[in-house]
Amino acid sequence: MHLVPEGGEGPEALMQGVVRIYDPQTGEGLVVRDTDRVDLVLAPGALDGSLFRMLRQGQRVNFEVDAEGRATQIRIGAEADLGLGDAQI
């Protein structure tokens, strides 16, 4: 599912995907976007402001894409499934 703010697309759009790989020592990793299966590199600080301190392979996440095409603002990926609406964790 691809969630887009009303009238919006591009870097500010909320995306969903799955963590392909994550290295907790370096903070580097890849997220596969659901809509087109494109691999996106995690931006430095992608977990800043999140309860996540690390990610695991196969974990569902919501994220934004920055101007350089990197995944940022990583959030829990199951808000809709859990009935939490717009909750940010």
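Nothing fancy with the numbering, it's 1 onward along the sequence.
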Item to check | Note, L40 side chain near M15 side chain (heavy atom, < 4.5 Å) | outcome: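 When only atoms from C-beta onward are counted, M15 and L40 do not touch, as no gap falls below 4.5 Å.
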
Do you know which two heavy atoms are closest between [X] and [Y], and how far apart they sit?
X: L42; Y: E28; result: CD1-C, 4.4 Å
X: A46; Y: A71; result: CB-O, 3.7 Å
X: G17; Y: F63; result: N-CE2, 3.6 Å

Set of side chain to side chain contact (heavy atoms under 4.5 Å, CB included) partners for [X], sequence neighbours left out:
X: Q59; answer: V19, F52, L55, R56, V61
X: R53; answer: none
X: E68; answer: D66, R70
X: P24; answer: Y22, M54

Hey, what do you get for [atom1] ([X]) to [atom2] ([Y]), rounding to the nearest 0.5 Å?
X: E64; Y: I74; atom1: CD; atom2: CD1; value: 9.5 Å
X: D34; Y: Q16; atom1: CG; atom2: CD; value: 6.0 Å
X: Q73; Y: L47; atom1: CD; atom2: CG; value: 10.0 Å

Next on the checklist: Just to verify, what does D39 make a side chain to side chain donor-acceptor pair (under 3.5 Å) with, not counting sequence neighbours?
Outcome noted: R20

Checklist entry - L30: which other cluster members, linking ILVMFWY side chains closer than 4.5 Å, directly or transitively? => result I21, V41

Checklist entry - Is V31 reachable from I76 through a run of hydrophobic residues whose side-chain heavy atoms are each under 4.5 Å from the next? => result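 Both belong to a single hydrophobic cluster.
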
